[in-house]
Amino acid sequence: MATSPTDRPPRVGVFGGTFDPLHAAHLRLARAFRDELALDQVRLIPAGQPYHRDRAPHASAAQRLAMLDAALATEAPGLVSDDREVRRARPAYTVDTLQELRDELGDQAELWFLIGGDSLQQLHTWQRWPQLLQLANLAVAIRPGFVAADLDPAVAALWQARQVSDFSNRTPSGTIRALDLPPITLSATAIRQQLAAGQDCSALLPAAVLAYIRQHRLYR
Ligand code: ATP
């Protein structure tokens, strides 16, 4: 793993998603989290069988992972793919993934669970979600217009109680940071629709992802 030049505990970000397919906003978000939080590593973890989605992903887990790997092959240091949820036969819950990483990295490691603001709105529907903050810190990329009052009341209470703005105060888990990152109007859903309509998506996808999609005739 990429480590810091000092002896401090590793700082590891966990960025999960369906990545169906991985697109430019995912990469921009992962890089921004890495830089804003001074993380040694951001692990991009494709969901194997996303349990909280109404519909199955369009590309298979193996294909989504292959696209991620192809994109990260030419990425700057610190962004790596992690296939643990794809390898898991049963539905993979984020809380289990974070527990596994905590066991692997030890008590002192700084773990960061990284999400977009739209995922925060759904947090209360995730399996054993209150445990997430026992295992990791939470960083949320919020957009202009974000209103905490729109959150589920239990998530809103945590949002109030655990938010820390002093970045020199770092802990292995338990804090929430809101990162005001530039909004990107882009979603995998919209990209799949554009691909199906035969539109040019070269500005929205990493070149290696687009090449894979063409080669495997995905999203038609
Ligand atoms: P879909 O359209 O299929 O729902 P998606 O583009 O939202 O896909 P996901 O794989 O579901 O991508 O998202 C992974 C993570 O990336 C989530 O935390 C989500 O909030 C975040 N994310 C995706 N697109 C954006 C975006 N344009 N701006 C900010 N966050 C984003």
Side-chain angles (χ1 to χ4, degrees), residues 1-5 10-48 50 57-88 92 94 97 100-101 104-105 109-119 139-141 143 179 181-220:
M1 174 178 121
T3 50
S4 75
R11 298 170 176 171
V12 176
V14 173
F15 185 42
T18 315
F19 303 136
D20 189 20
L22 177 89
H23 55 65
H26 293 135
L27 281 182
R28 220 168 113 188
L29 209 55
R31 289 190 207 108
F33 278 129
R34 178 196 63 196
D35 298 344
E36 292 281 327
L37 296 166
L39 301 177
D40 302 316
Q41 185 183 75
V42 173
R43 293 187 183 214
L44 289 95
I45 308 186
H58 296 251
S60 70
Q63 288 171 330
R64 291 181 287 111
L65 179 64
M67 289 188 276
L68 175 60
D69 282 335
L72 295 186
T74 55
E75 254 303 314
L79 266 49
V80 297
S81 77
D82 183 323
D83 67 356
R84 71 185 62 227
E85 293 194 3
V86 168
R87 281 190 278 108
R88 221 177 277 162
T94 300
T97 297
E100 261 183 41
L101 283 164
E104 288 169 24
L105 297 169
E110 245 184 61
L111 258 185
W112 286 89
F113 177 41
L114 312 172
I115 57 173
D118 54 329
S119 297
V140 187
R143 298 170 177 216
L179 301 183
L181 300 177
I184 320 165
T185 317
L186 200 57
S187 74
T189 303
I191 290 175
R192 287 193 303 271
Q193 286 165 356
Q194 292 181 37
L195 288 166
Q199 292 170 10
D200 176 18
C201 291
S202 51
L204 314 178
L205 295 166
V209 171
L210 190 58
Y212 187 97
I213 289 170
R214 286 190 177 138
Q215 189 189 347
H216 295 266
R217 303 168 75 83
L218 297 176
Y219 310 118
R220 296 192 149 219

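The figures that follow rest on heavy atoms only: side chains count, while hydrogens, waters and symmetry mates do not. Numbering starts at 1 and runs along the sequence shown.
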Side chains of residues 201-220: which donor-acceptor pairs under 3.5 Å do they make with residues two or more places apart or in other chains?
| unit_1 | atom_1 | unit_2 | atom_2 | d |
| --- | --- | --- | --- | --- |
| S202 | OG | D200 | OD1 | 2.7 |
| S202 | OG | D200 | OD2 | 3.3 |
| Y219 | OH | D20 | OD1 | 2.7 |

Heavy-atom check, side chain of [X] versus side chain of [Y], under 4.5 Å:
X    : Y    : value
T97  : R88  : yes
L181 : E36  : yes
L79  : L27  : yes
L37  : L179 : yes
Q41  : P77  : no

Taking all atoms of both residues into account, what is the closest heavy-atom pair of [X] and [Y], and its distance?
X    : Y   : answer
V86  : A47 : CG2-O, 4.5 Å
R192 : P21 : CG-CD, 4.2 Å
L186 : A25 : CD2-N, 3.6 Å
A30  : F15 : CB-CD2, 4.1 Å
S81  : L72 : N-CD1, 3.4 Å

Practice item. Would you mind telling me which of L44, V14, L39 makes a side chain to side chain contact (heavy atoms under 4.5 Å, CB included) with L114? Key: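 Option passing the side chain to side chain contact (heavy atoms under 4.5 Å, CB included) with L114: L39.
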Review point. Are the side chain of R11 and the backbone N or O of A38 linked by a donor-acceptor pair below 3.5 Å?
Key: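 Yes, the answer is positive, given that a donor and an acceptor are paired below the 3.5 Å cut-off.
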Check your understanding: Checking R64 side chain against G48 main chain: does a donor-acceptor pair fall under 3.5 Å?
Key ->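 Yes.
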